[in-house]
Structure formats: structure tokens, C-alpha cells
S.K.: 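Okay, handing you the structure first.
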Amino acid sequence: MLEFMNNGNEKCVGIFSNTFWSIYNFRRSLIRRLLHDGFRVIAISADDKYRSFLEELGCDTVVIKNFDAQSTAVFKEASLIREIIRTIKALPCEYVYTFTIKPNLYTALTTALTGKKVIVTVNGLGNVFSEGGFISKISLQLFRNAFKRAYQVVFQNRDDYGFFKERIALDSDKVRFVRGSGVDTNEFSFSKKLSPPGDKLVFLLACRLLKEKGVYEFIQAARKIKVEYKNVQFWLLGMEAKNPSAISTDELRKYSEEGTIELLPQTDDVNGLLEKADVVVLPSFYNEGIPRILLEGLSKGMPIITTNSVGCKETVVDKQNGYLIEPRNSGALETAIREMIALSEEKRDKMRMESRCLAETQFDEDKVIENYINIIETPSPIEDNFAIKPLGAQ
């Protein structure tokens with residue numbers, strides 16, 4: 001039985017996601033702000049090495065032992081739900097922020113049993129609804145019930161909001177909008193690296209190793225480009241994933257050995273890596289929230305090549321700060337890369353400035369954090385700064 005000390009006057013917030021890694025990497029600044037404002041913060045997740053990093057920040061942590069993001073086994077999920085109920089109920093917190101699908105669903109669905117105010121963030125839908133069928137129907141019903149019971153529902157992009165609005169009667173008083181997880185524009189400062197000639201550019205793909213992230217499209221395009229431009233480099237920083245569509249690093253090693261890509265070792269210093277690259281590429285057809293690597297690339301002042309798909313398209317005004325391409329199309333990616341190579345250094349520098357401007361005006365994490373803080377400090381919905389209009393519109 002979990003027990004927490006509470007002096008009765010303590011302000012406390014829970015943050016629940018599927019990994020401590022994601023809490024540390026995507027919610028670290030929110031946690032710092034909450035701690036600065038006098039809140040006790042309790043991070044809840046499956047165990048990993050980032051638990052200790054959160055504790056060093058000043059968080060309490062609680063491990064959910066039965067958590068398996070990929071499981072659909074009924075008895076296993078029932079055991080997980082019971083553990084979540086016990087854990088959340090024992091928290092000395094009035095509010096719990098949840099991120100990722102299972103924490104969102106199971107925490108919101110059980111509010112009557114835990115007595116907490118649950119703030120659900122829809123930060124991408126992955127492949128839950130991409131193939132239809134029984135799982136999609138059940139998932140939609142779960143979301144419908146979860147949204148009814150949630151204290152607030154936060155959307156990161158217009159497509160996810162539109163998807164649910166068409167299928168679920170959303171309570172407008174509960175809906176909030178944020179621009180992804182935001183980016184620390186001071187930490188990810190404008191890169192001072194000089195733009196090299198086009199035939200010496202470094203293109204970086206950094207993502208979880210899933211087929212839907214466009215990894216193979218990146219490799220196919222790189223192989224064709226390298227025939228003509230020997231000095232153009234294609235870097236791949238991949239985080240292994242537990243997923244039916246996961247790609248192993250062993251499988252990718254052959255492409256590195258043949259010289260098509262450079263397979264980079266794991267690093268937490270993404271900032272330093274972006275400082276060495278020139279263009280961020282993400283040919284994803286995964287249902288993203290707003291990918292963090294694209295926000296970090298914007299903040300560094302890097303041109304972006306990504307797909308005209310959910311979440312990704314929020315970060316690019318086509319041909320102004322990069323290129324939007326058709327998903328699942330290695331030929332379109334190859335064309336965009338060739339166009340980037342052919343640009344003058346002056347035009348690429350202009351793209352860099354446009355990316356930085358987007359980061360500062362639309363994705364600065366201070367605005368995102370303020371929205372999350374306002375949810376628990378402002379009793380009624382506030383006017384949210386969410387751009388339903390295209391980013392290029394005035």
C-alpha cells in the first residue's frame with residue numbers, strides 16, 4: 001500500500017507517462033516551473049534509468065510495475081488498471097497530468113475511484129486508429145468515456161482535435177490547446193555553424209526506430225543522393241522501440257557499412273548533435289503530436305524537411321523554412337533533399353532565420369508551460385494561443 005506524507009497545505013501535482021525517459025525529456029521544464037512555484041511533483045511511470053534524473057530535479061517518483069505500453073491482454077491490462085487506481089488514489093495531489101495513451105485512458109476512466117482531477121494531453125495517436133478494426137472501435141469508445149471524465153483535455157495539434165471532434169461530442173469548456181511540448185529557445189539557441197556548400201550538407205534523422213517514422217524512406221533517398229553527391233552525409237540517430245513495427249539497430253548496420261548512412265551512437269546531447277548537422281529530416285507517417293526533434297531543429301535555426309501529415313506539418317511553411325513532402329514517398333523526399341542541396345547558401349540562411357522565428361513566436365515552451373499552469377490555477381478556460389490557421393497565414 002502506497003503512503004505519502006502530506007502536511008495538509010501542500011500543493012501537489014502528479015505527472016504520469018509511459019516512461020520516466022519521456023517525462024524527463026519532454027516535461028522537465030514544466031516540472032522545474034512547478035517546483036519553483038512551490039508544488040510538490042510526483043512522477044509516475046514504468047521504471048527506467050531516467051527515474052534517478054527526475055529525483056535529482058527534486059521530484060518524488062512512483063513506479064508502475066505492471067506497465068506494458070504494447071500489451072492488449074485483458075488480464076494483464078486489468079492488473080495494470082488496478083495498480084493505477086491504487087497508485088493515483090494514494091497520491092496527495094488534487095491534479096494529475098497524464099501523457100501518452102494508456103496513462104491518459106486508464107487514469108481518466110477511473111477518476112470516480114481515485115477522486116483526482118485528471119488533465120489529459122493528446123500528444124499523438126500513434127497507430128491506434130491507422131488500421132481501423134476492432135481495436136480502433138474499442139479505443140474510440142475508451143477515449144469517449146475518458147474525455148467525459150477528464151478535468152481538462154489538451155490537444156497539441158489541429159488534426160487530433162478535428163479527428164475527435166468529428167467522432168466524439170467534446171465539451172468545449174474542457175478543451176485546451178498547446179503547441180506541442182514546446183522548446184527551450186535559450187537552451188536550443190540559434191546555431192552559429194556556418195552553412196556549408198550544398199554538396200557538403202549533413203542531413204539528420206533522429207527518431208524512435210519505427211517503420212512509420214520514415215526510416216526506410218530516408219535510407220532509400222540517401223542511397224540515390226550519394227551516387228551523385230559523395231560528400232553529402234545522412235546521419236541516423238535511432239532510439240530502439242518496443243513495437244510491432246520496430247526496426248533493430250542490427251538491421252540498420254548494413255546500411256551504415258555500405259556508406260549510405262552514418263548510424264550514430266545513443267546520446268542525450270541532442271543539442272550538441274544539432275549543432276553539427278545542417279538539415280533536420282523527419283519523413284514520418286506516424287500520428288504525431290508535434291515531434292520534439294522538429295521543435296528543437298526550429299529553435300537551432302535549421303531548415304526542416306518533413307511530411308505533410310499530422311503534427312509534422314505544424315512546423316513548416318513550405319519553401320519558407322523547409323519542405324513539406326508527401327508521406328510514404330521516398331521519391332518526394334529525394335526531390336526535397338536535392339532542392340535543399342541546390343539552394344544557395346543565402347537562401348538556406350534565410351530558411352534558418354524563418355525556422356528560428358517560428359520557434360520563438362509559436363513554440364517557445366514558456367507559453368506551453370503557462371497554459372499547463374493556468375489549467376490548475378485558473379478556474380475557467382482561458383483564451384488559448386492555438387493556431388488553427390496555417391502557420392504562414394497572417
Side-chain angles (χ1 to χ4, degrees), residues 179 183 185 188-207 214 217-218 220-237 261-262 270-284 290-291 293-309 311-327 329-364 387 389-394:
R179 301 292 302 191
V183 62
T185 55
F188 288 84
S189 58
F190 187 82
S191 175
K192 294 181 174 58
K193 181 186 178 187
L194 297 176
S195 184
D199 60 357
K200 293 184 180 179
L201 290 174
V202 176
F203 294 84
L204 171 67
L205 168 59
C207 64
E217 284 77 4
F218 181 72
Q220 289 166 16
R223 179 177 279 154
K224 292 181 179 179
I225 296 289
K226 293 284 283 185
V227 171
E228 185 174 349
Y229 298 100
K230 304 292 185 184
N231 293 323
V232 171
Q233 297 181 58
F234 295 88
W235 293 358
L236 174 57
L237 175 65
I261 61 170
E262 184 172 342
V270 175
N271 197 348
L273 183 61
L274 290 171
E275 194 71 35
K276 298 173 184 176
D278 299 300
V279 181
V280 173
V281 181
L282 186 63
S284 174
I290 296 182
I293 187 63
L294 297 184
L295 300 186
E296 291 168 345
L298 290 179
S299 191
K300 295 296 291 183
M302 301 176 71
I304 307 292
I305 299 176
T306 191
T307 50
N308 187 22
S309 62
C312 296
K313 65 185 179 184
E314 308 283 334
T315 63
V316 172
V317 180
D318 194 32
K319 294 182 174 59
Q320 290 188 35
N321 72 307
Y323 298 107
L324 286 176
I325 62 169
E326 181 182 285
N329 190 331
S330 61
L333 176 58
E334 179 191 347
T335 298
I337 291 171
R338 287 184 181 276
E339 288 186 26
M340 187 66 70
I341 291 171
L343 284 179
S344 67
E345 293 172 37
E346 181 182 5
K347 288 184 178 179
R348 275 201 308 277
D349 283 341
K350 187 175 180 181
M351 280 191 171
R352 294 180 65 205
M353 297 299 295
E354 292 286 349
S355 282
R356 178 66 185 184
C357 181
L358 278 178
E360 291 177 342
T361 59
Q362 301 207 39
F363 296 106
D364 191 291
K389 62 186 178 181
L391 295 185
Q394 299 299 316

S.K.: Is it true that, when you exclude Lys226 itself, more than 12 heavy atoms of the residues, nucleotides or ligands shown sit nearer than 6.0 Å to its NZ?
M.R.: yes
S.K.: Decide, yes or no, whether a salt bridge links Glu334 with Arg338 under the criterion of side-chain N to carboxylate O below 4.0 Å.
M.R.: yes
S.K.: Out of Lys276, Lys300, Glu275, Arg356, which one pairs with Ser191 under the side chain to side chain donor-acceptor pair (under 3.5 Å) rule?
M.R.: Glu275
S.K.: Check the angle between the aromatic planes of Phe234 and Phe218 and answer parallel, tilted or perpendicular using the 30° and 60° thresholds.
M.R.: perpendicular
S.K.: Count the heavy atoms of every other residue, nucleotide or ligand shown that sit under 6.0 Å from NZ of Lys224, and state whether that count exceeds 12.
M.R.: no
S.K.: Within the 4.5 Å heavy-atom criterion, are Leu274 and Glu296 side-chain neighbours or not?
M.R.: yes
S.K.: Quick one: does Leu205's side chain get under 4.5 Å of Pro283's, heavy atoms only?
M.R.: yes
S.K.: Is any side-chain heavy atom of Leu282 closer than 4.5 Å to one of Cys207?
M.R.: yes
S.K.: State whether the side chain of Arg348 and the backbone N or O of Leu343 hold a donor-acceptor pair below 3.5 Å, judged by distance alone.
M.R.: yes
S.K.: Report yes if some heavy atom in the side chain of Trp235 is under 4.5 Å from a heavy atom in the side chain of Leu273; otherwise report no.
M.R.: yes
S.K.: With rounding to the nearest 0.5 angstrom, report the CZ to OG1 distance, Phe363 to Thr315.
M.R.: 6.5 Å
S.K.: Run the salt-bridge test on Lys313 and Asp318 with the 4.0 Å N-O cut-off and return the result as yes or no.
M.R.: no
